[in-house]
Amino acid sequence: MKKLINDPADVVAEALVGVESAHPDLRVDHANKVVYRRDASRPGKVGLISGGGSGHEPLHAGYVGFGMLDAACCGEVFTSPVPDQMLAATKTVDGGAGVLHIVKNYTGDVLNFEMAAELAAAETGVEIVSVVTDDDVAVQDSTWTAGRRGVGVTVLLEKIAGAAAEAGRPLKEVADVAREVNANGRSMGIALTSCTVPANGKPTFELGEAEMEVGVGIHGEPGRSRQPLAPARDLAHVLVDPILEDLPFRSGDGAIAFVNGLGGTPLIELYLMYGEVAKILAGHGVTPVRSLVGPYITSLDMAGCSVTLLKVTDELLRLWDAPVNTPALRWGV
Amino acid sequence: MKKLINDPADVVAEALVGVESAHPDLRVDHANKVVYRRDASRPGKVGLISGGGSGHEPLHAGYVGFGMLDAACCGEVFTSPVPDQMLAATKTVDGGAGVLHIVKNYTGDVLNFEMAAELAAAETGVEIVSVVTDDDVAVQDSTWTAGRRGVGVTVLLEKIAGAAAEAGRPLKEVADVAREVNANGRSMGIALTSCTVPANGKPTFELGEAEMEVGVGIHGEPGRSRQPLAPARDLAHVLVDPILEDLPFRSGDGAIAFVNGLGGTPLIELYLMYGEVAKILAGHGVTPVRSLVGPYITSLDMAGCSVTLLKVTDELLRLWDAPVNTPALRWGV
Amino acid sequence: MPDSRITLDGLKSWLQEFARLIAEQRTQLSELDAAIGDGDHGTNMDRGMQAVVASLSGETIDEMVKLAGMKLVSTVGGASGPLYGTFLLRFAGSAGPTAELDATQFAAAMRAGLNGIVARGKAEPEDKTMFDALAPAVQTLELGVAGSFADTLRAAADAAEKGRDATIEMRARKGRASYLGERSIGHQDPGATSAALLLRAAATTLG
Amino acid sequence: MPDSRITLDGLKSWLQEFARLIAEQRTQLSELDAAIGDGDHGTNMDRGMQAVVASLSGETIDEMVKLAGMKLVSTVGGASGPLYGTFLLRFAGSAGPTAELDATQFAAAMRAGLNGIVARGKAEPEDKTMFDALAPAVQTLELGVAGSFADTLRAAADAAEKGRDATIEMRARKGRASYLGERSIGHQDPGATSAALLLRAAATTLG
Ligand SMILES: Nc1ncnc2c1ncn2[C@@H]1O[C@H](COP(=O)(O)OP(=O)(O)O)[C@@H](O)[C@H]1O
Ligand SMILES: Nc1ncnc2c1ncn2[C@@H]1O[C@H](COP(=O)(O)OP(=O)(O)O)[C@@H](O)[C@H]1O
Ligand SMILES: [Mg+2]
Ligand SMILES: [Mg+2]
Ligand SMILES: [Mg+2]
Ligand SMILES: [Mg+2]
């Protein structure tokens, strides 16, 4: 394992030291490992919190700021945070208009957020709505599983719901927008290499020199199948086709097209993939009205990428375009 | 070699297809492999062009846009572009106020930009000033070498000179600002793994499981020495100490502190490194008044990082803070 | 069953013994999880139970067990934190502010705990989870066996281990292992394995 | 030396033979570059010379060689593109709009080309560059040797090869290899190697 770290046990705590030094607009509660907007809470604004295991940076701490999250709860690497963290965050960001919990659909995350919501409601009466993202089409048969995993759509949802909250909309509406994003977004990923969890010191799984894991999860969970590595133009089909099968687009629909790097894949490859994805979309008459290309929800140092497509209405697009000011997404301000 | 590509020979051309689809604000001249601001040239504004071998994305194409570059000339991977590209770019972006060439100090880049400048001057009489970045303190004895390599400072220079040009300053002043940035910035990098050039198909160099290359170049050039991999807190000294020796800061000085990922290193490690760098700076009384953390000048899939420190005046800081709207750097707009 | 009073100290020993077994089998639990999950179940439970035993206190059973449950929730993370935590919290709620439980009250508290796990995790039989080890054990405690309370506890621990072993052939439908689909078959569930340790610890300390 | 007229066709053959030798030794040139540079010198030169021979045209020597130089500049990239390109452009300028060169004019054109390389790259003797192969060859052409022009050309090619070999012991002070410092010693310079091929091609085709 070759990493820029000290003791593997301290990775998250020490990365948060760096986040705090690098971003004066953020405030870090080191005891609870929660990253806050410096100006949280804001009276009358719905509070947005998210969180999960670390190792997916910039998700979630990189999305804390104006127009997006009010707080991010950072668990240990690939381990969901504990309820105390979300409890503290919920209480801190509550500006009287309630708090939205954005939770990726993993049993650990769901249960820990759920307990936090119960505790917070019991302690303070704050109104909480949880929205769970489950956009990973790699997990198929959902009556037989814990349900689809939450992946790339989470980024888009945090931005769009964040804009709705920033616009002063009430909790119910912010939650409805969030659910609409989740319902209209799908993702699929492939890994070219495994990630290496610092505490384990060795790759989570082994892949042959000419193999890829199709449908990989962002914690290195196995996907649909292991297949021979193929040219980018074929990989784009491997990623886009199952999404289009699952979420029928009609010719003329607009989409936010998001090609995400998993951590170890450089931007030149992601742009090349984006070109291939755009070609396939054009073939289906789908217009990528907005794009996002880069490492936005990663799996430590895993090489590979994921594609997320979000079918958008004019309203969702307006919210996407609204100003945002976070370490990882910024425009209009 | 595991990459998201088609034919290795087509990587740059196909990545540019993706850049064009993803960024409607940019225009791509595919024949010349030049990326332009859609609104170039702007009458009366000094034109800024840069370029170099590809494989360092987002540098340079990711810095084309309002407040930064007018055009980026993309060479083949790690091969400098040819004069035709800079000639075309220079002619296209010239708005009557002259053109600044921003060139990283590698013999190939310098010579090709130089020929382009001569050809452009001969053909159109456009006024051109070239500023060469040479900030890599890993290359020591410069009377015995082709001089220091241009690395991280290039990113900061493109931003700051871009702001000066956007503010309508004349070519001489824009060039002076650019030279001031180069004179006050230094960088140092380490590699944990080699990069793999698509056309070669195998790593450029070999590193043992517990080794690092100290002072590596962004094309995988050898550095000062090969050393055992060490904890991040020691690596921060390996990177920052030679910079501070070379560019004496006085206690109270302000700096832009830039921790750059080389392509294969995830953000969580870069933030951890930033925390370590900030501690060392604090020990010297140097205040990181602004930060930049992420993969901004990369070496394909190389794991590792570099640190760049730029000593700033209020004026440089104002230019840094000025609005910018490019794929990779955006704020204030 | 007048020989079956369970005291505050007895419950303390139970949790300590559970912590000891978890620490002892930590690597094994994580390896089971690595095969069909994310390889952290042993680390998670060990971190939690060490924190629990380091802070064991309280004058009544509900006080002590509630504290233990909260501690587990605060330190484990992952799926097992809220699940085991809820188990203890509901156990405490059922036991109430008392210093002793009889066998019937103990079985009722265990049932309440199990119901808490189900309420939280929605596990059904044969989903390949800790439920599959706990459910037969709780049923054994409720029905009792011929002989002493100690015999019942041992029978419950045996039932838990049988339930644990039965998870090998199951296809996971809950938790991370469910992503594997068919490929989860043939592996023993880590949560069921730690649950069997909880019952074995009870047999060792409460009988 | 009335036997030493160099025609347009002769120069064409020269460039074609140079392209052939580069293509033949492409891998070897890149390997030399991999040791002390970035491993692309063979690829760069081959790409460029293939483009040159594919577009050879012109009625006069300056026209043809200028076109060849421009083509090289437009297709090579890297350090060697502008350097070899400038060499040919200056050669063309010195030769002028003629269809033939005599030995003296040829030597003068070669000197002009070399001066172009120096003007562009600032190389000094023993910087471990193409200069170290070209300079002794040009000098040989200027001085001539006893015998025919063909003998002079062969002597020039020999001088270039000797210069090339001498780069092995030099420490690079120009180009990418200079970053290696001491560690550049012991490796033959790729640019000097291709320059020796240019002179060998001249001996083969112009003599
Ligand atoms: N919905 C559920 N209901 C009951 N038990 C569950 C459920 N989901 C997971 N589990 C149990 O949790 C165990 C995994 O725990 P652990 O590895 O600590 O958490 P995580 O999966 O978050 O890493 C599984 O072996 C299983 O027994
Ligand atoms: N300043 C210079 N003057 C003369 N020749 C040079 C100079 N710099 C480099 N060279 C020559 O160029 C060769 C390398 O060419 P090439 O590999 O094609 O370019 P690059 O170094 O840009 O990859 C070196 O071997 C050397 O002979
Ligand atoms: Mg886990
Ligand atoms: Mg090169
Ligand atoms: Mg687990
Ligand atoms: Mg080279």
Side-chain angles (χ1 to χ4, degrees), chain B residues 9 32-33 51-55 73-88 105-116 118-119 136 138-149 195 197 199-200 202 204-205 215-226, chain D residues 27 30-31 33-45 47-48 51 69-87 89 116-117 119-124 126-130 170-185 187 191:
Chain B
N32 278 311
K33 298 204 174 82
S54 294
C73 303
C74 308
E76 286 306 314
V77 172
F78 291 177
T79 299
S80 76
V82 297
D84 303 43
Q85 299 176 265
M86 283 76 86
L87 176 59
N105 189 36
Y106 300 93
T107 304
D109 292 71
V110 169
L111 298 184
N112 282 284
F113 266 89
E114 211 171 272
M115 288 204 81
E118 292 166 15
L119 291 169
D136 187 353
V139 177
Q140 284 174 294
D141 183 8
S142 61
T143 63
W144 275 82
T145 65
R148 289 179 160 170
R149 300 177 291 226
C195 51
V197 177
N200 298 345
K202 55 176 206 292
T204 304
F205 57 91
V216 74
I218 54 169
H219 311 88
E221 302 99 324
R224 287 184 174 188
S225 62
R226 194 156 287 192
Chain D
T27 312
S30 283
E31 273 167 14
D33 194 31
I36 54 170
D38 59 352
D40 59 2
H41 185 62
T43 325
N44 289 347
M45 290 301 295
R47 181 174 57 238
M70 295 296 291
K71 194 43 109 182
L72 218 47
V73 167
S74 304
T75 51
V76 173
S80 46
L83 292 168
Y84 275 109
T86 299
F87 177 89
L89 292 175
I117 287 180
R120 193 144 304 288
K122 317 276 179 309
E124 294 178 30
E126 306 198 12
D127 276 356
K128 193 178 185 116
T129 69
M130 55 178 71
M170 295 174 190
R171 172 176 168 169
R173 283 184 300 220
K174 286 285 180 304
R176 234 172 257 284
S178 69
Y179 304 137
L180 278 170
E182 298 282 344
R183 285 177 285 169
S184 63
I185 296 171
H187 298 277

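Convention: sequence-line order gives letters A, B, ...; per-chain numbering from 1.
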Spacing of [atom1] belonging to [X] relative to [atom2] belonging to [Y], to within rounding of 0.5 Å:
| X | Y | atom1 | atom2 | answer |
| --- | --- | --- | --- | --- |
| B/His219 | D/Tyr179 | NE2 | OH | 8.0 Å |
| B/Asp84 | D/Lys71 | CG | NZ | 8.5 Å |
| B/Met115 | D/Leu83 | CE | CG | 9.0 Å |
| D/Leu180 | B/Glu221 | CG | CD | 9.5 Å |
| B/Leu111 | D/Thr86 | CG | OG1 | 8.0 Å |

Atom group of [X] that falls short of 4.5 Å from chain B, counting heavy atoms:
| X | value |
| --- | --- |
| D/Thr43 | neither |
| D/Ala34 | neither |
| D/Ile36 | neither |

Exercise. Kindly check if the number of other-residue, nucleotide or ligand heavy atoms within 6.0 Å of CE (D/Met70) is above 12?
Key: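 Counting other residues, nucleotides and ligands, CE of D/Met70 stays at 12 neighbours or fewer.
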
Exercise. Check D/Ser178 against B/Ala146 and note the closest heavy-atom contact, atom names and distance.
Key: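 Answer, listing the atom of D/Ser178 first, then B/Ala146: OG-N, 2.8 Å.
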
Self-check item: Residue pair B/Thr107 / D/Ala79: nearest heavy atoms and the distance that separates them
Solution: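 Nearest heavy atoms, B/Thr107 then D/Ala79: CG2-CB, 3.8 Å.
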
Quiz prompt | Salt bridge present between D/Arg120 and B/Glu118 (N-O < 4.0 angstrom) | solution =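 Judged by the 4.0 Å cut-off on N to carboxylate O distance, D/Arg120 and B/Glu118 do form a salt bridge.
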
Check whether any side-chain heavy atom of [X] lies under 4.5 Å from a side-chain heavy atom of [Y], and answer yes or no.
| X | Y | answer |
| --- | --- | --- |
| B/Thr145 | D/Lys174 | no |
| B/Thr79 | D/Asn44 | yes |
| D/Arg183 | B/Pro222 | yes |

Exercise. Spell out, as yes or no, whether a donor-acceptor pair under 3.5 Å connects the side chain of B/Asn112 to the backbone of D/Gly78.
Key: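 Yes: the side chain of B/Asn112 pairs with the backbone of D/Gly78.
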
Quiz item: Side chain, backbone, both or neither: which part of B/Asn105 has an atom under 4.5 Å from a heavy atom of chain D?
Solution: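 B/Asn105 touches chain D through backbone heavy atoms alone.
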
Quiz prompt | Part of B/Tyr106 within contact of chain D (heavy atom distance under 4.5 Å) | solution =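 Contact with chain D involves both backbone and side-chain atoms of B/Tyr106.
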
